[in-house]
Amino acid sequence: MLFLKVLNMSITASWLVLAVFLLRFVFRKSTKALHVVMWALVGLRLVCPFSIESAFSLIPSVETIPQEIITDHSFEVQTGIGFVDEQANEFLGDRYYEGVTVPEGTGMQLTVFLTILWIIGMAAMLAYGIFSYLRLRRSVAESIPMQGNIRLCDRIGSPFILGILRPQIYLPSALRPEDQEYVIAHENAHLKRYDHLWKPLGFALLTVYWFNPVMWLAYHFLCRDIELACDEKVIRDMRISEKKAYSSALVNCSVSRNAILSCPLAFGEVGVKARVKNVLHYKKPTFWVLCASIAAVVFTAVCLLTNPIIPDDRLKVFIDCEIAFHHQSKHSTENYASLDWKVLSNKKIGNKTTLYLWVLYQEYSYDEELHLESGAHIPTVITVEKRDGSYHLVEYWEPRDGSLYVDDIRSKFPFYLWKDAMDSTKYYRTQNENCEQMALEYFTSESASDGADAPDDVQKNDYLEQLRREYPQCFGLSTAKGLEVYIWQMAPESYECALLPGRNLKYTDTELMRQTPVPIAQMRAIVDSYGLPESEVTVHAWQNPYSSYYYEVNEEYREKLREMFRSIQPVTPSYENYPLIYDSAVADIDDDGKDELCTLRVGLTSGLFTFRLVIQDAQDNTEKGNCTYYPLKVGTPSFAERSDGSLYIRFAGDDGSVEFYEIALDVNKTDE
């Protein structure tokens with residue numbers, strides 16, 4: 001995990017390195033000291049294991065190689081660049097899938113091998129640095145003091161600084177007297193700029209990130225810019241004759257270096273030709289060039305030292321649920337609801353997170369064409385608190401309409417977000433396209449499933465036809481790469497499932513939370529209707545983020561679920577063994593003399609803020625009523641029996657409160 005963290009930090013910093021290369025070229029006439037500052041920003045990005053989040057960040061992804069590679073069945077990169085991700089993951093998906101195309105445990109073995117290789121490389125770099133330092137120490141062991149911290153030595157060919165805590169300037173005994181003045185001025189400038197510390201620090205970072213070729217280029221140009229900046233500091237006020245003498249000293253003291261060293265700071269070691277050219281043509285940068293280059297560096301720091309605001313999957317699902325719950329009404333069950341939200345900025349104080357959003361919520365119907373029935377596009381502020389590993393709503397805020405709209409936004413949003421929060425057109429087009437795409441995918445897949453040809457024996461099976469009506473999203477799926485069944489628990493003996501087409505890539509929590517849960521017995525019947533061999537049906541164990549029942553997903557648990565799923569006989573269940581998420585009961589709800597099977601299931605928000613009551617005929621399982629409830633709190637519903645034998649719903653809130661719901665079945669309405 002540490003190696004993957006370093007690898008991702010290296011990739012993230014590479015974007016900053018590329019930006020520095022661009023800025024060095026664009027502002028080549030600016031002061032070279034600013035170039036060194038830019039390399040310092042790269043060092044800061046490599047050193048800090050964390051970074052603040054910003055809406056201005058241009059970093060595509062902070063975790064290109066997810067740590068899930070260690071334990072997941074598939075390998076998926078997340079560069080943050082859609083085209084690259086699509087192509088790379090399609091290529092890897094066909095070649096890397098544990099238990100199918102490669103043996104299980106390959107992800108762990110691969111990361112262990114790369115980690116060992118990384119450690120060996122660091123050890124080699126460290127040994128090289130120590131060896132180089134000791135060799136230089138031996139070469140200057142016999143030297144005589146000249147003045148202050150300056151010493152003369154017979155066994156060196158070029159002046160340099162050696163030492164970190166007590167740096168010394170070493171001059172060759174054969175150095176010409178007319179060159180000494182310029183050499184000493186140059187080396188003292190290094191000391192004043194603390195270059196004797198920055199260069200070893202750069203080499204130390206290169207030791208850690210040795211596997212990234214971009215970092216080798218960065219270190220090379222860091223050393224060059226350090227020398228150029230030091231040259232500028234010395235020659236800033238020199239006359240042309242003195243600049244020529246300084247250039248002559250550079251040429252006379254030049255040495256050939258075939259390897260990158262952590263030390264020393266040698267006078268004629270790096271880029272002598274370029275340095276001489278820079279000295280002879282040096283002109284102080286104009287005020288406007290300097291201002292523009294400083295502004296560009298500040299902008300680069302803001303955009304590339306900060307991370308993009310990317311809520312974790314659980315927070316994403318929580319925000320989705322909150323937005324859906326806030327906007328949905330009793331008419332929402334008739335339409336398909338899709339939503340999209342853009343994070344403008346966020347603020348974290350302790351366990352509380354405040355997100356400043358542009359929210360688009362839209363409901364669609366479909367009749368060969370997509371129809372927008374209702375929607376809302378509005379700036380929103382949502383504050384959540386994380387307690388015991390779960391998120392809890394603190395505040396859901398929207399501005400009031402009319403003349404109060406602008407004032408409300410200015411009082412709630414930070415001033416630097418006012419413009420974005422009031423510009424309703426800036427994000428709408430992209431958000432609207434996303435919502436329409438989700439709706440089209442839903443309706444077209446549903447239509448495809450309704451028209452799918454089923455085997456004759458399945459068409460005659462009333463139970464399977466009922467499942468087709470109740471779970472249309474599970475029918476008509478592509479089986480080109482098999483099917484994938486995800487199973488999770490909401491209670492000790494309550495197993496729920498989602499069915500998805502195989503794609504050689506593991507589905508995310510967000511994708512799974514959008515699926516309508518199917519009881520495990522019904523799922524077995526649905527999967528059998530495809531007529532696939534067991535080898536083409538992959539069973540996954542999944543930990544539902546919002547399940548109150550905790551269980552450990554390990555290999556033993558996965559194997560248990562696989563065996564359980566394969567052993568289920570796909571027969572029509574009676575109400576005694578009908579698997580449920582919350583509760584079930586049998587009662588004569590409509591006083592017709594016949595019992596009804598009443599079930600409490602998760603609702604639109606996957607059981608977080610809604611639950612669904614379904615009433616079926618207890619004999620043939622035909623549905624007689626269906627309604628979604630919206631309690632204003634999180635909790636668990638169950639059935640309770642009155643003293644007269646009638647049935648009602650008991651809702652126990654997580655805050656300790658208890659509420660009761662009457663049950664009535666009106667045969668003339670479907671939402672009662």
How close do [X] and [Y] get, heavy atom to heavy atom, and via which atoms?
X	Y	answer
L205	G43	CD1-CA, 3.8 Å
I294	L34	N-CD2, 3.9 Å
P49	K5	O-NZ, 2.9 Å
Y416	S345	OH-OG, 3.5 Å
M9	C48	CE-O, 3.1 Å
V394	V384	CG2-C, 3.9 Å

[atom1]-[atom2] distance between [X] and [Y], expressed to the nearest 0.5 angstrom:
X	Y	atom1	atom2	answer
M215	W210	CE	CH2	14.0 Å
F221	H35	CZ	NE2	11.5 Å
D420	W358	CG	CH2	10.0 Å
L136	F131	CG	CZ	10.0 Å
E142	R155	CD	CZ	6.0 Å
L360	W341	CG	CH2	13.5 Å

Could you check whether any side-chain heavy atom of [X] comes within less than 4.5 Å of a side-chain heavy atom of [Y], counting everything from C-beta outward?
X	Y	answer
K386	H392	no
E187	V183	yes
R151	I144	no
D320	M513	no
V20	L41	no
P379	I409	yes
R193	W198	no
V381	F413	yes

Does [X] have any salt bridge (Lys or Arg N to Asp or Glu O under 4.0 Å) partners at least two apart in sequence or in another chain, and if so, which?
X	value
R176	E178, D179
K412	E395
E232	K32
R239	E242

Using distance only, find each side-chain donor-acceptor pair of residues 108-120 under 3.5 Å and give its atom names and separation, not counting sequence neighbours.
residue	atom	partner	partner atom	Å
T111	OG1	G107	O	3.0
T111	OG1	M108	O	2.9
T115	OG1	T111	O	2.6
W118	NE1	V208	O	2.9

Aromatic plane relationship, Y128 with F203 - under 30° parallel, 30 to 60° tilted, over 60° perpendicular: tilted

Would the distance check show the side chain of [X] and the main-chain N or O of [Y] forming a donor-acceptor pair, the cut-off being under 3.5 Å?
X	Y	result
N188	I184	yes
R28	F25	yes
R45	L304	yes
H281	K277	yes
E511	T508	yes

When you check the side-chain N and O atoms of [X] and [Y], is any donor under 3.5 Å from an acceptor?
X	Y	value
H540	Y507	no
T354	T383	yes
D509	W542	yes

Pair D237 + K284: basic N to acidic O under 4.0 Å: yes

Residues in ring pair (Phe, Tyr, Trp, His ring centres under 6.0 Å) contact with W39, at least two apart in sequence or another chain: F21

Set of residues satisfying ring pair (Phe, Tyr, Trp, His ring centres under 6.0 Å) with respect to Y209, sequence neighbours excluded: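 Listed in chain order: nothing, the list is empty.
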
For A189, all residues meeting side chain to side chain contact (heavy atoms under 4.5 Å, CB included), sequence neighbours excluded: C230, K233, V234

Which residues share a side chain to side chain contact (heavy atoms under 4.5 Å, CB included) with N351, sequence neighbours left out: E385

Solution key, residues 159-175 side-chain donor-acceptor pairs under 3.5 Å, sequence neighbours excluded:
residue	atom	partner	partner atom	Å
S173	OG	C153	O	3.2
S173	OG	D154	OD1	2.4

L4/E63 under side chain to side chain contact (heavy atoms under 4.5 Å, CB included): CA gap, chis, key distance, verdict: CA-CA 9 Å; L4 291 178; E63 194 176 33; over 6 Å; no

side-chain hydrogen bond (donor to acceptor under 3.5 Å, both in side chains): pairs with one or both residues in residues 285-294, sequence neighbours excluded: S30-S293

Where at least one partner belongs to residues 8-21, residue pairs that pass side-chain hydrogen bond (donor to acceptor under 3.5 Å, both in side chains), sequence neighbours excluded: S10-N212, S14-N212

Enclosure of K342 NZ (heavy-atom neighbours >12, cutoff 6.0 Å): no

Residue pair V140, I156: steps toward the side chain to side chain contact (heavy atoms under 4.5 Å, CB included) verdict: CA-CA 7 Å; V140 298; I156 60 176; 3.9 Å; yes

Candidate pair K283 and K29, rule side chain to side chain contact (heavy atoms under 4.5 Å, CB included), full reasoning: CA-CA 8 Å; K283 291 181 181 180; K29 293 185 179 181; over 6 Å; no

Worked check of side chain to side chain contact (heavy atoms under 4.5 Å, CB included) between I319 and L357: CA-CA 10 Å; I319 297 299; L357 313 168; 4.3 Å; yes

